[in-house]
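In what follows, a single structure is set out as structure tokens and then discussed.
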Amino acid sequence: MSKARSVANKKVTATRRFTPRDWEKFVRRLVARSKKCDNTPREAEKILNEMGVSNVAGVLEYCSQNGGYCDCEILLNAAFSPPRNDDDLV
């Protein structure tokens with residue numbers, strides 16, 4: 001894939017809606033990276049940015065509202081309550 005096409009795809013990814021499939025990918029990546037929790041959602045934020053999610057703050061706020069205040073709590077509490085649609089993300 002050419003570099004220009006790759007950049008164009010990233011732009012599309014950055015503006016698209018956060019889907020249930022994205023939530024599954026996000027949780028899987030967070031499980032894979034979670035080694036030791038530092039009581040912040042630092043890894044979650046990195047993952048969402050790498051995924052090109054445009055509403056990172058909204059996803060993290062949704063996690064927080066569902067008991068996921070840090071990376072480990074996102075996995076223990078919020079991972080089982082995926083957002084139904086973008087309206088769930090503030």
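Fair warning: this is a prediction, and the values are worked out from it, not measured in the lab.
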Drop me the distance from [X]'s [atom1] to [Y]'s [atom2], to the nearest 0.5 angstrom.
X   : Y   : atom1 : atom2 : answer
K36 : N39 : NZ    : CG    : 10.0 Å
W23 : S81 : CH2   : OG    : 8.0 Å
E24 : T19 : CD    : OG1   : 8.5 Å
L30 : L75 : CG    : CG    : 4.0 Å

Suppose we screen for ring pair (Phe, Tyr, Trp, His ring centres under 6.0 Å). Which residues come up paired with Y69, at least two apart in sequence or across chains? none
Who pairs with E73 by side chain to side chain contact (heavy atoms under 4.5 Å, CB included), at least two apart in sequence or on another chain? C70, L76, N77
For N49, give me all partners under side chain to side chain contact (heavy atoms under 4.5 Å, CB included), at least two apart in sequence or on another chain. E45, V56
Is there side-chain contact between [X] and [Y], with at least one heavy-atom pair below 4.5 Å?
X   : Y   : answer
Y62 : N66 : yes
M51 : R29 : yes
D22 : V53 : no

More than 12 heavy atoms of other residues, nucleotides or ligands under 6.0 Å from CZ of R33: yes or no? yes
Tell me if a side-chain donor or acceptor on D71 pairs with a main-chain N or O of E43 at a distance below 3.5 Å.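 The answer is yes, because a donor-acceptor pair under 3.5 Å joins these two groups.
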Between K46 and E50, does any side-chain N to carboxylate O distance fall below 4.0 Å? no
